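Here the structure comes first, spelled out in structure tokens, and everything after it is commentary.
Lettering follows sequence order; numbering is per chain, from 1. The figures here come from the full heavy-atom set of this structure, side chains too, leaving out hydrogens, waters and symmetry mates. Worth saying up front: this structure is predicted, and the values here are computed from it rather than measured.
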Amino acid sequence: MTIPVTVLAVDDEAAIRRLLHASLDRAGYRVVEAGTARETIAALQIDKPDLVLLDLGLPDRDGLELIPLIKQAGAAIIVISARDATQQKVAALDLGADDYVSKPFDSEEVLARIRVALRHRLAGETDVPRLRRGPVEIDLAARMVRRDGEEVHLTPREYGFLAELAKAPGRVVTHAQLLRAVWGPGHETDVEYLRVAARSIRRKLEADPSRPRLFRNEPGVGYRLMGDE
Amino acid sequence: MDRDTRQNRPPKAGGAWGSPGGYVAALALVVIVTLAGLAIVSLGNIANIGLLFLLPVMVAATRYGLRTGIVTSLASSLAYNFFFIPPTHTFTIENPQNIITVMVLLGVAVAASQLAAQVRQQALLAQASAARNQALAGFARHLTGIGTAEALAEVCCTQASRLLEVNAVLLMPSGQGLEVRSAAPRPAELEFLDHAAARACFDTAQPAGRSTDSLTASEWQFHPITGAGHVLAVIGLSRADAGDPVAADQLPLLLGMIDQAGLALGRIALTDDMAAIAQVRERDRLRHALLSSVSHDLRTPLTTIIGTLNQLRPADPEQAGQLAEMRVEAERLHRFVANLLDMVRIEAGALRLAVEPVDLSDAVASALQDMDRALAGQPVNVAIPPELPLVQVDPQLFHHCLINLIDNAAKHGMSSGPIAISARREEHGVVLSVADEGPGIPAGQEQRIFETFTRLEGSDRRGGTGLGLAIVKGFCEAMGLAVAAANRADRPGACFSIHFPATRLKELPGA
């Protein structure tokens, strides 16, 4: 990277900002801090961050309201949220946040999420023709899935499910997003379709379906294709 | 108010026979009319002088009643006969026409006195009713602005005692029985019998005591005061001379007062209820404020601590191990704080469940992944048949349940063997168990182990307030699931299970 990537860390707690600052600094990012929604909006215009780490609990405004503004400014968004604030996470993701990390976070996890989000933002959706996870290969160009080099037959819905995850590798895709993309509008709440598809895919692709390695379910939020690191 | 009571008493005409003063006045009028008649006659002979005598008869009949009127008409006819009918100065009547004059005078006396009596009766009634209304209005005025049952009791007693000229006492329910709340004009001493009458009145919502249908031996007469469909209080009345406490003509006033008092009492009860509701609401608001501030103030420093521990990379392997342990413990602390807050929210009814169909293998896999560090390489065997139905739970709460059960198994299993997580279908649903190979649960403690802050006696199970298990139980019960603890049948160790009843299952179409 010739030009350092700028990350805006938004949290009303100075201690947490310092913490994020230190680990982002070490990873080679240029770091800007903001403690309020006001400061965030100002920083969006002045510092033009590539990515915003956004705590939703801000003193002057609901953090969710900032998501469209940040999207408009062209930055990726990773929401930092309390572990049990499931509905808030889902709302943020559906508004366009790229991913989330739960408090208390592991800085390694934060950095990994940042890498995934930035990669995705630079590469774009269509530019990921082929993925490999262990013995499984997902070929988006050929619309084909192989296990140990042999084609595995998936139903169109199963393939669609897996392809949606593969288009955003390492990022969470919400239940509603998956259902809308694969089953079509009007099915956003039919979570059991996802469970059936996930179970069937695992039976076909996983060595041990009760210890899945290909993708995991984030309770109440969505599915995530596991990383390749 | 004294004025009111005076007016309340009808001005009596001196009984059926009228007052002696009435007779004197009427006869005086007769004398005056006679003298006037004589004067007129002396000026010239004028016929029908008898008409003059209508005046005293009318006056006597309307003012002093029937009998005075009749006496006056008799006196008038005698005077007329004696002084004016020829032969004058005798009581003999020659002309039959003059007999008619006497009869007419008598008839006029009767008719006029009847009419006058009726008018007077109605006037008396109107006066009594006006006085009663005035008394009631005065009473109502006293009642408005009263905010407590105590003040109301006092006003009721003083006003009843004053308006009805009786001793009054007011009783209200308290705890087991009825309690005297107020009395006027002096403190009341109620005997056992009086209490029984009050009780009977309260229970049956009917008057009881003296001059009623029940418990007439009591000196007091009790009337129920009802408001909002319930008997709220009982008012008792008695007379110092042990006479009938309420005269028949006072009953409407008393009943009116009782109605007013019932309305006021109902209003006070309603106000009290509203105040209680407002208090509960305020308490909820405080609890909510406390919860969110505790949540924020405890979790923020913990997040910073955990985040900082994550960043430390000591070269010394011993320190690295200590750091890893610190991190696991700090995360456990954070988890418990979060769980505790959820628990309080559940108990306060502030936690809304977001139930969705969940695959048990998904849930277990997620929990194991989050517990990766705490498990520190401890082996876990998972056996969840792929054809099991989905379970209807709040995924986040269920995730916490699993994490706590796995954490508990990891702590108490003491690395002596693998943790076994399994699910199976049973007759009435699905059971998910988490089993360890630790020392197990002492006999008879299987239920207690889920109670908050239980540390099992006689066991060397470490680290325990049992908070984690209490949270599992609380969350599961909030989701309509049952929990159980037992010792393993196949080998030493404890087994904790969550039971999903059929209503919490979602069968898969293709499964």
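Note that the CD atom of Glu331(B) and the CG atom of Asp106(A) stand 7.5 Å from one another [nearest 0.5 Å].
Neither the backbone nor the side chain of Asp55(A) comes within less than 4.5 Å of any heavy atom in chain B. Looking at Arg195(A), the atoms closer than 4.5 Å to chain B (heavy atoms on both sides) sit in the backbone and in the side chain alike. Looking at Ile305(B), neither its backbone nor its side chain comes within 4.5 Å of chain A, counting heavy atoms on both sides. Heavy atoms of Val382(B) lying under 4.5 Å from chain A belong to its backbone as well as its side chain. At a 4.5 Å heavy-atom cutoff, the contact between Arg299(B) and chain A is made by side-chain atoms alone. Of the two parts of Arg18(A), neither the backbone nor the side chain holds a non-hydrogen atom closer than 4.5 Å to a non-hydrogen atom of chain B.
Enclosure of atom CD in Glu426(B) by more than 12 non-hydrogen atoms of other residues, nucleotides or ligands within 6.0 angstrom is indicated. Counting heavy-atom neighbours within 6.0 Å of Glu325(B) CD, excluding the residue itself, gives a total of 12 or less. Within 6.0 Å of CZ on Arg38(A) lie no more than 12 heavy atoms contributed by other residues, nucleotides or ligands. Atom CZ of Arg213(A) has 12 or fewer neighbouring heavy atoms from other residues, nucleotides or ligands inside a 6.0 Å radius. By the neighbour-count criterion of 12 heavy atoms within 6.0 Å, atom CZ of Arg143(A) is sparsely surrounded, having that number or fewer from other residues, nucleotides or ligands.
In plain terms, the two heavy atoms of Pro357(B) and Val191(A) that are nearest each other are O-CG1, 4.0 Å. The minimum heavy-atom distance linking Asp362(B) with Tyr223(A) is given by the pair OD2-OH, 3.2 Å. Minimum interatomic distance between Ala22(A) and Gln311(B) (heavy atoms only, all atoms of both residues): CB-OE1, 3.8 Å. Closest approach of Gln87(A) and Ala354(B) over heavy atoms only: NE2-CB, 3.3 Å. When every heavy atom of Gln396(B) is checked against every heavy atom of Pro219(A), the shortest pair comes out as OE1-O, 3.7 Å. What you find for Thr303(B) and Ile16(A) is that their closest heavy atoms are CG2-CD1, 3.9 Å.
Ranking Ser361(B), Gly307(B), Ala338(B) against chain A, the residue ahead of the rest is Gly307(B), based on heavy-atom pairs under 4.5 Å. The greatest number of non-hydrogen atom pairs below 4.5 Å with chain B, out of Glu108(A), Glu218(A), Arg202(A), is found for Arg202(A). If you tally non-hydrogen atom pairs under 4.5 Å between each of Pro395(B), Ala363(B), Ala365(B), Ser366(B) and chain A, the highest count goes to Ser366(B). Among Leu390(B), Ile421(B), Ile384(B), the residue making the largest number of heavy-atom pairs under 4.5 Å with chain A is Leu390(B). Ranked by non-hydrogen atom pairs under 4.5 Å with chain A, the options Leu360(B), Val364(B), Val358(B) are led by Val358(B). With respect to chain A, the highest number of heavy-atom pairs below 4.5 Å among Asp359(B), Leu309(B), Thr308(B) belongs to Asp359(B). Looking only at heavy-atom pairs under 4.5 Å with chain B, the residue among Pro209(A), Gly220(A), Gly57(A), Pro104(A) that has the most is Pro104(A).
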Verify side chain to side chain contact (heavy atoms under 4.5 Å, CB included) between Asn310(B) and Glu109(A), making sure each step is shown before the conclusion. CA-CA 10 Å; Asn310(B) 279 335; Glu109(A) 194 188 351; over 6 Å; no
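A distance-only check finds a donor-acceptor pair linking the side chain of Arg199(A) to the backbone of Pro386(B) [under 3.5 Å].
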